[in-house]
Number of protein chains: 2
Amino acid sequence: MTRSDNIVLALSPIDEDLKLAFTVDCVIFGYDNDDLKVLTIECNMDPFMGMISLLGDFITQDEDADSAAKRILKYCTGNEDIFLEEVKSFSKPDRHPFGRVITIAFYSLVPISLTKLTDSADKHLKWVSVDEITEMAFDHKEILDNCLYQLRKSLREKPIGFELLPKKFSLKQLQTLYEVVLGIELDKRNFRRKLRSLNILIDLEERQQEVSHRPAKLYKFDEHSFEKKSSDGLKFEI
Amino acid sequence: MTRSDNIVLALSPIDEDLKLAFTVDCVIFGYDNDDLKVLTIECNMDPFMGMISLLGDFITQDEDADSAAKRILKYCTGNEDIFLEEVKSFSKPDRHPFGRVITIAFYSLVPISLTKLTDSADKHLKWVSVDEITEMAFDHKEILDNCLYQLRKSLREKPIGFELLPKKFSLKQLQTLYEVVLGIELDKRNFRRKLRSLNILIDLEERQQEVSHRPAKLYKFDEHSFEKKSSDGLKFEI
DNA sequence: GAAGATAGTGTTAAATTAACACATTATGAA
DNA sequence: TTCATAATGTGTTAATTTAACACTATCTTC
């Protein structure tokens, strides 16, 4: 490869023999038992032996970063239709002990209840509460922090909370999810009114089963309304 | 480099001889004459010969993406203290005719009036109105569109409009900037009240010179107030 | 059928946003 | 020096949105 001409600088020519690697790392968020979790894998590479790390892989020759992230998600969860958002790149020269590895971080939202970790990956993977994570291999804690920040931001701007829940959910579940992830308390009546006004939920005319009290009504997310609204700039703002 | 172990997939081993290149591309926005402009350079590489492209370069061995972007900005404008925000990566396998070139896109905001394009770069660089740009070399039009979208989003969320203006500016200038970039009309009184309430401007007790009418008061941006507010989540919302 | 547990609902005050018109102050030409 | 011109600069009110707040309804289990 020769230096392209639309590239204006000639300060530090690229060494043709430089080994570069390009990866993606996925912060796979799950939500279970009123707790936000991240899918992790144990690192068995020094100097990070035994620490948890995010799920990542090289970007192959015939795919883009997005496809690589989807491939990882499919590999781990078997699911192809998962919410995914690119966050930012991480490229400190010394971020990886093996050389120059530049990574693009994504976060994704999966409903843990619907997710069977695939057999091949299962034994290595672990859902860990975000709260419990104080350190990770590589710069993965920094990546996690950035993705968590972005998740919180997006959760307030766009109707994506559903992505973490089962297809059918109660308003209470949804509210608790917001409270847990955002770390705030919400007023029940205001929360419900807000969601009503957004017209993004479909009342399933069904109720929760097997609870020892009045069962809650179940809703599902109305995909159609979302498409329509997100395109002309829905202001979600919970 | 061997495949790291925290990387779970082994579907498509990376060819050790694969030539990868890692670049940054900067959408350098300027504002002049009530018009949003982008700094471009003419491409002289087939098949994009003669088309305009963004400013970009390889990421060198000892810098991260951010540093590379800053290096480009300094090279072009001589200035080191320029607003810079990472937007997203572009990594389609065929996006670059020379091989596998993955790029991280940034946009930056510079006050054209204060910017002397450096001598070495000057003859190749051109400020072009965003409105006039219908196509660019590579996937740079797509990159521009994404960065423009992000600029508009950030302009509504964070007080960054100042970055495009001279140090001293009038409220009218600032309002017109918002109107031009966002493509909307704003109410003068509401706009002024809003800015007053944000407490991010310092009245310089000076007035515009050389205008053939009542001269406007000049303000500057109060850096200190911004630091303080952005850290605890300023809601700008113009 | 009573007790326990959670679901579900409406009103009012406060804050924010939107809409709107005229007086002020400088310049420059008569 | 005064008048025309061209822009700056300012306040009030209505509409909307957000925040605060407490009780009744419905189901289960004992």
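Every chain is numbered from 1, with letters handed out A, B, ... down the list of sequences.
- Taking 3.5 Å as the limit, the base of C:dA7 and the side chain of A:Arg214 contain a donor-acceptor pair of atoms between them.
- The nearest whole Å value for the distance from the CZ atom in B:Phe191 to the P atom in C:dT17 is 14 Å.
- If you check every strand for non-hydrogen atoms under 4.0 Å, B:Lys188 touches a base.
- Taking atom CZ of A:Arg192 as the reference point, atom P of C:dT6 lies 14 Å away to the nearest angstrom.
- In this structure, A:Glu135 does not pair ionically with A:Lys141, as no charged nitrogen and carboxylate oxygen lie closer than 4.0 Å.
- Distance, B:Gln208 CD to C:dT27 P: 12 Å, rounded to whole Å.
- Note: CG (B:Leu171) to C1' (D:dT10) measures 12 Å, nearest angstrom.
- Within the structure, a side-chain polar atom (N or O) of A:Lys194 is placed less than 4.0 Å from OP1 or OP2 of D:dT18.
- A salt bridge links B:Lys37 with B:Asp35: the distance from a Lys NZ or Arg NE/NH1/NH2 to an Asp or Glu carboxylate oxygen falls below 4.0 Å.
- OP1 or OP2 of D:dA7 has not a single side-chain nitrogen or oxygen of B:Lys172 nearer than 4.0 Å.
- Residues A:Asn190 and A:Pro215 both approach DNA chain D. Their nearest nucleotides, taken by heavy-atom distance, put A:Asn190 toward the 5′ side.
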Stepwise side chain to side chain donor-acceptor pair (under 3.5 Å) test for A:Ser154 and A:Glu85: CA-CA 10 Å; A:Ser154 292; A:Glu85 185 177 345; 3.1 Å; yes
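- In terms of position along DNA chain C, the nucleotide closest to A:Leu218 lies nearer the 5' end than the nucleotide closest to the other residue of the pair B:Arg193 and A:Leu218.
- Between A:Arg71 and A:Asp57 a salt bridge is recorded (basic side-chain N to carboxylate O distance below 4.0 Å).
- Summarising the geometry, the separation between CG on A:Asp187 and C1' on C:dA13 is reported as 14 Å, rounded to the nearest angstrom.
- The CD-P distance, from B:Gln173 to D:dA7, rounds to 14 Å in whole Å.
- Electrostatic pairing of A:Lys92 and B:Asp64 does not count as a salt bridge here, judged by no charged N lying under 4.0 Å from a carboxylate O.
- Computed from coordinates, the A:Leu195 CG to D:dT18 P distance equals 13 Å when rounded to whole Å.
- Residue A:Arg189 has no polar side-chain atom (N or O) positioned under 4.0 Å from OP1 or OP2 of C:dG8.
- Atom CD in B:Gln175 sits roughly 14 Å away from atom C1' in D:dT10 (whole-Å rounding).
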